[in-house]
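For reference, the structure is listed below as structure tokens.
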Number of protein chains: 4
Amino acid sequence: MKKDKLSRKEREQLQRRAEILQAALELFSQKGYHNVSMHEIAVRAEFAVGTLYKFFKNKEELYKEILMQTAMLFYSALSKALEEKGDEYARVKNFLKTKCKLFMENILSVRLYFSVSGAGVSFNVRRGLETELRSFYDQLIQKLAAVFEKGIQKKIFRPLDPYYLALALDSISNAFLFCWMENPDRHPVDTDLIEEIFFERIYLVHR
Amino acid sequence: MKKDKLSRKEREQLQRRAEILQAALELFSQKGYHNVSMHEIAVRAEFAVGTLYKFFKNKEELYKEILMQTAMLFYSALSKALEEKGDEYARVKNFLKTKCKLFMENILSVRLYFSVSGAGVSFNVRRGLETELRSFYDQLIQKLAAVFEKGIQKKIFRPLDPYYLALALDSISNAFLFCWMENPDRHPVDTDLIEEIFFERIYLVHR
Amino acid sequence: MKKDKLSRKEREQLQRRAEILQAALELFSQKGYHNVSMHEIAVRAEFAVGTLYKFFKNKEELYKEILMQTAMLFYSALSKALEEKGDEYARVKNFLKTKCKLFMENILSVRLYFSVSGAGVSFNVRRGLETELRSFYDQLIQKLAAVFEKGIQKKIFRPLDPYYLALALDSISNAFLFCWMENPDRHPVDTDLIEEIFFERIYLVHR
Amino acid sequence: MKKDKLSRKEREQLQRRAEILQAALELFSQKGYHNVSMHEIAVRAEFAVGTLYKFFKNKEELYKEILMQTAMLFYSALSKALEEKGDEYARVKNFLKTKCKLFMENILSVRLYFSVSGAGVSFNVRRGLETELRSFYDQLIQKLAAVFEKGIQKKIFRPLDPYYLALALDSISNAFLFCWMENPDRHPVDTDLIEEIFFERIYLVHR
DNA sequence: AATGAATGAGCGTTCATTCAT
DNA sequence: CATGAATGAACGCTCATTCAT
């Protein structure tokens with residue numbers, strides 16, 4: 001076994017784990033947590049039920065794992081996007097572009113995510129997870145708000161409440177992205193459009 | 001039986017039906033569809049389980065009924081709001097004010113509604129319902145978009161895509177309303193704020 | 001509904017409950033707690049599985065109920081036997097006779113009982129029950145010991161430790177009863193034999 | 001391979017087998033057959049699960065083996081005790097002393113044994129084992145009875161039914177031993193007490 | 001020979017739904 | 001017409017056993 005490298009066995013294990021997660025993601029995002037049985041996941045993942053329980057303590061843990069993976073992926077990618085070089089305008093543009101990319105590449109996870117933390121509605125998951133997801137979301141909005149605040153100080157943006165600005169940008173981009181993704185033909189995803197609408201004409205101070 | 005008038009029996013039936021719906025709404029919005037049993041609903045509504053099945057074919061129909069009622073209430077109230085007298089600006093303001101009022105008065109239904117159709121995610125309900133709800137939503141957005149279009153023609157609003165404008169207003173108002181409702185103390189619902197932010201300073205053409 | 005009388009429905013319910021208990025007793029005493037499934041009990045009782053859960057919270061409660069019923073039946077009958085009129089000798093004889101009768105009439109329960117509290121061995125039942133059963137047993141032995149003590153004071157019995165005397169009588173009678181019950185032909189149950197052996201010739205003071 | 005001598009490999013195998021049996025005994029006697037998994041035994045014995053199956057056909061065989069070992073140990077030791085030199089009185093005293101010693105030294109096995117064959121109750125084990133254990137027990141009682149018979153002929157013991165005498169001695173000694181073992185402080189194991197109570201004062205003919 | 005990951009039958013339990021009363 | 005006891009399919013999960021390595 002070479003150092004810094006996983007053994008073949010370990011690699012295979014990770015692969016299997018990923019296959020289970022993928023099968024579960026597909027089913028959960030299609031039919032919802034309660035309408036998918038462990039048996040069903042096992043069949044799709046081509047494993048026996050018992051094998052699922054070797055990788056995940058129970059159904060809920062499997063569900064949590066999927067959601068947390070997505071949440072962390074988005075959180076880290078979007079946090080990073082907000083720290084890129086350039087002025088605040090560039091950072092927000094970068095945030096938006098990254099978000100679009102993540103949405104399109106992770107549409108299943110996104111749908112699943114919104115079914116849980118979607119609109120402040122809880123249940124489905126027995127406490128805790130939802131709180132954790134909410135926390136990721138809040139931190140991200142705060143970071144975005146901080147960028148807006150700095151931009152407002154620098155007179156790059158109009159002097160609006162930065163928190164509501166962040167909330168607005170986030171909710172509008174969600175709405176547009178879902179709109180585009182539901183009708184990929186009629187509404188091709190167009191980050192430039194978002195940029196144009198939200199920056200050039202609306203939020204930016206007239207130069 | 002006289003026309004336009006319900007017999008005592010019919011009135012009682014409607015009353016019972018409404019009581020069941022109310023009990024179910026409270027439970028569903030609190031604990032989620034799958035975590036509420038028909039028995040539980042029956043107990044809260046003070047009926048026998050069998051009685052529930054006299055009024056609703058099955059659990060799902062009961063659920064659908066609640067959601068459709070909410071959808072229709074919102075649809076008709078908001079459609080009407082968009083047809084009020086006054087110019088397009090007044091109509092959109094009216095739409096917004098009515099929406100806030102509806103949200104606050106029907107918070108349980110709203111939470112339930114968003115857990116289903118939240119972000120284009122479709123489950124809990126086996127096909128159909130979601131499509132129907134979506135249709136109500138789309139029609140409303142179209143009506144709002146038509147008002148924006150007229151307003152743009154009249155130079156009341158800036159020349160932006162009216163559909164995206166409608167989508168944006170709707171999603172931002174949702175986000176703000178949920179934000180306010182989650183922290184009623186820190187974020188008191190303030191329709192004037194929405195009006196100020198979205199009309200006076202953003203969407204309206206500078207006069 | 002007449003006072004002091006159960007309604008037909010209540011009587012039927014008690015009957016059903018008793019049928020389930022009987023079916024469970026037969027199976028548990030034959031195959032042991034862990035080798036009997038709720039489905040099996042349901043089939044033998046000619047009910048659906050769900051019905052069992054209407055009467056008993058879960059499998060363990062059903063098991064407990066059987067054991068506690070037996071324990072209380074034995075406890076009350078044997079306590080009463082020790083309080084009958086007559087001298088201490090008569091009381092102990094009465095105890096013995098009652099015990100033989102109870103054993104023969106409740107052989108299934110007795111077998112089940114001994115498989116749990118049998119020989120100081122615990123498990124099978126998750127704590128609590130075993131302690132409770134043990135307590136019933138201990139109280140009975142104490143009562144028997146008290147009778148022996150009184151008898152010793154009155155010089156009816158030899159001056160031996162009354163607690164050990166009680167323990168001895170109990171264990172010997174158990175052994176004989178099981179021996180007789182296993183070979184009902186070769187060893188017909190004979191309370192007179194126990195009486196003769198244990199009282200006339202062994203424990204009684206020579207007169 | 002030399003006769004009468006085990007190769008290193010064979011010795012190692014026996015050692016492993018014994019280690020597995022010991023681990024299983026500890027767990028079974030602590031938690032009961034059904035509450036111990038093969039995995040658990042494997043972990044305690046520090047072997048892989050598969051290895052357990054190299055030594056024992058299945059879980060039940062492993063269980064049987066433990067019980068049969070105990071049964072044979074007790075059978076041979078107690079049989080031998082009954083054949084010691086000296087008169088019948090000495091033999092029975094020896095039986096009793098040996099039994100006490102065996103109980104105390106093998107308390108785990110004893111508890112396990114009594115949970116199975118405790119009071120003629122037969123389960124946990126699917127037929128067969130119980131019969132076999134019963135047979136060992138019966139043979140031992142027969143041997144003890146034979147000693148009593150001889151002693152009665154020699155007028156060492158009172159003229160009671162030797163079989164019931166054997167049964168009585170066995171059951172009383174069991175009861176006392178369990179009583180002592182459950183409260184080792186309040187009831188120290190005292191073979192002299194048994195001897196005094198059952199021989200000097202009760203079963204022995206007055207000399 | 002030893003391993004332990006994978007298996008899947010079978011468990012206890014729930015709850016939407018029915019139907020005799 | 002209202003009732004609620006009865007139903008049984010389906011669930012999540014466990015663990016004795018196997019077999020490729």
Side-chain angles (χ1 to χ4, degrees), chain A residues 8-9 12-13 16-17 20 33-43 45-63, chain B residues 9 12-13 16 33-43 46-63, chain C residues 8-9 12-13 16-17 20 33-43 45-63, chain D residues 9 12-13 16 33-43 46-63:
Chain A
R8 182 177 55 72
K9 229 174 194 171
E12 277 180 9
Q13 290 292 11
R16 284 166 208 269
R17 199 185 137 93
I20 294 169
Y33 181 74
H34 289 287
N35 297 317
V36 173
S37 72
M38 288 301 269
H39 176 76
E40 212 170 344
I41 297 170
V43 168
E46 293 177 288
F47 287 107
V49 199
T51 307
L52 267 56
Y53 285 88
K54 289 271 190 280
F55 288 94
F56 304 96
K57 211 182 76 194
N58 53 37
K59 190 182 174 183
E60 198 172 329
E61 288 296 313
L62 174 51
Y63 190 53
Chain B
K9 233 178 194 168
E12 277 180 8
Q13 291 292 16
R16 281 160 202 254
Y33 181 75
H34 288 283
N35 299 318
V36 172
S37 72
M38 289 301 268
H39 178 77
E40 213 170 344
I41 297 170
V43 168
E46 292 177 288
F47 286 107
V49 199
T51 308
L52 268 56
Y53 283 86
K54 292 278 187 261
F55 289 96
F56 306 95
K57 211 182 74 195
N58 53 35
K59 189 181 174 184
E60 198 173 325
E61 288 296 315
L62 174 51
Y63 189 54
Chain C
R8 181 177 55 73
K9 227 175 196 173
E12 277 180 7
Q13 289 294 11
R16 283 167 210 268
R17 198 184 138 93
I20 293 168
Y33 181 74
H34 289 286
N35 297 317
V36 173
S37 73
M38 289 300 269
H39 176 77
E40 212 170 345
I41 297 170
V43 168
E46 292 177 288
F47 286 107
V49 200
T51 307
L52 268 55
Y53 286 87
K54 288 272 188 280
F55 289 94
F56 304 95
K57 210 182 75 195
N58 52 36
K59 189 182 176 184
E60 197 172 329
E61 287 297 314
L62 173 52
Y63 189 55
Chain D
K9 234 179 195 167
E12 277 180 7
Q13 291 292 17
R16 281 159 202 252
Y33 180 74
H34 289 283
N35 299 317
V36 172
S37 72
M38 289 299 269
H39 178 76
E40 214 171 343
I41 298 170
V43 168
E46 292 177 289
F47 286 106
V49 199
T51 308
L52 267 56
Y53 284 86
K54 293 276 186 264
F55 289 96
F56 306 95
K57 209 182 75 196
N58 52 37
K59 189 181 175 184
E60 198 174 324
E61 287 297 315
L62 173 52
Y63 189 54

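Values in this document were obtained by computation on a predicted structure and should not be read as measured data. By convention in this document, chain letters (A, B, ...) are assigned in the order of the sequence lines, proteins followed by strands, and residues within each chain are numbered from 1. Hydrogens, waters and symmetry mates are skipped; everything else that's a heavy atom, side chains included, is used.
When each of Lys59(B) and Ser37(C) is assigned the nucleotide of DNA chain E bearing its nearest heavy atom, the one mapping closer to the 5' terminus is Ser37(C). In terms of position on DNA chain F, the residue among Val36(A) and Lys57(D) whose nearest nucleotide sits closer to the 5' end is Val36(A).
The CD-P distance, from Glu40(B) to dT14(E), rounds to 13 Å in whole Å. Remark: C1' of dG12(E) and OH of Tyr63(C) are 17 Å apart, rounded to the nearest angstrom. Atom P of nucleotide dG12(E) and atom CD of Glu61(C) are separated by 15 Å, given to the nearest angstrom. Rounded to whole angstrom, the span from the CD atom of Glu60(A) across to the C1' atom of dC13(F) amounts to 14 Å. Going from atom NE2 of His34(C) over to atom P of dA16(F) covers 12 Å, rounded to whole Å. Protein atom NE2 of His39(A) is 11 Å distant from nucleotide atom P of dA10(F), rounded to whole Å. As a whole-Å value, the separation of Ile41(A) CD1 from dG12(F) P is 8 Å. Computed from coordinates, the Met38(D) CE to dT18(F) C1' distance equals 12 Å when rounded to whole Å.
Every residue two or more places apart in sequence or in another chain was checked for a side-chain hydrogen bond (donor to acceptor under 3.5 Å, both in side chains) with Gln13(A), and none qualifies. Glu40(B) pairs by the side-chain contact (heavy atoms from CB on, under 4.5 Å) definition with Leu27(B), Lys31(B), Val36(B), Ser37(B), not counting sequence neighbours. With sequence neighbours excluded, the residues satisfying side-chain hydrogen bond (donor to acceptor under 3.5 Å, both in side chains) with Glu12(D) are Arg8(D). Legend: residues meeting side-chain hydrogen bond (donor to acceptor under 3.5 Å, both in side chains) with Arg17(A), ordered by chain and number and at least two apart, are Glu65(A).
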Dot-bracket encoding of pairs in DNA chain F, which uses [ ] for pseudoknotted crossings and | for another strand, Watson-Crick or G-U under 3.5 angstrom
.||||||||||||||||||||

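With a 4.5 Å cut-off on side-chain heavy atoms, Asn35(C) and His34(D) count as touching. Side-chain contact between Thr51(C) and Arg16(C) is absent, with no heavy-atom pair separated by less than 4.5 Å.
Interatomic distance, Leu52(D) CG to Glu61(D) CD, rounded to the nearest 0.5 Å: 13.0 Å. Rounding to the nearest 0.5 angstrom, the gap separating the CD1 atom in Ile41(A) from the OH atom in Tyr63(A) is 11.0 Å.
Distances from the side chain of Arg8(C) to the nucleotides dT21(E), dA16(F), dA16(E) place dT21(E) closest. When distances run from any side-chain atom of Asn58(B) to the nucleotides dG12(F), dA16(E), dT17(E), the shortest one goes to dT17(E).
Residue contacts for Val43(B): at a heavy-atom cut-off of 4.0 Å it reaches no nucleic acid atom on any strand shown.
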Report all interatomic pairs (protein N or O, nucleotide N or O of nucleotides 3-6 of chain F) with separations under 3.5 Å.
from, atom 1, to, atom 2, distance (Å)
dT3(F), OP2, Ala48(B), N, 3.4
dT3(F), OP2, Thr51(B), OG1, 2.5
dG4(F), N7, Gly50(B), N, 3.1
dA6(F), OP1, Arg16(C), NE, 2.9
dA6(F), OP1, Arg16(C), NH1, 2.9

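For CD of Glu46(D), the number of neighbouring non-hydrogen atoms (other residues, nucleotides, ligands) closer than 6.0 Å is 12 at most.
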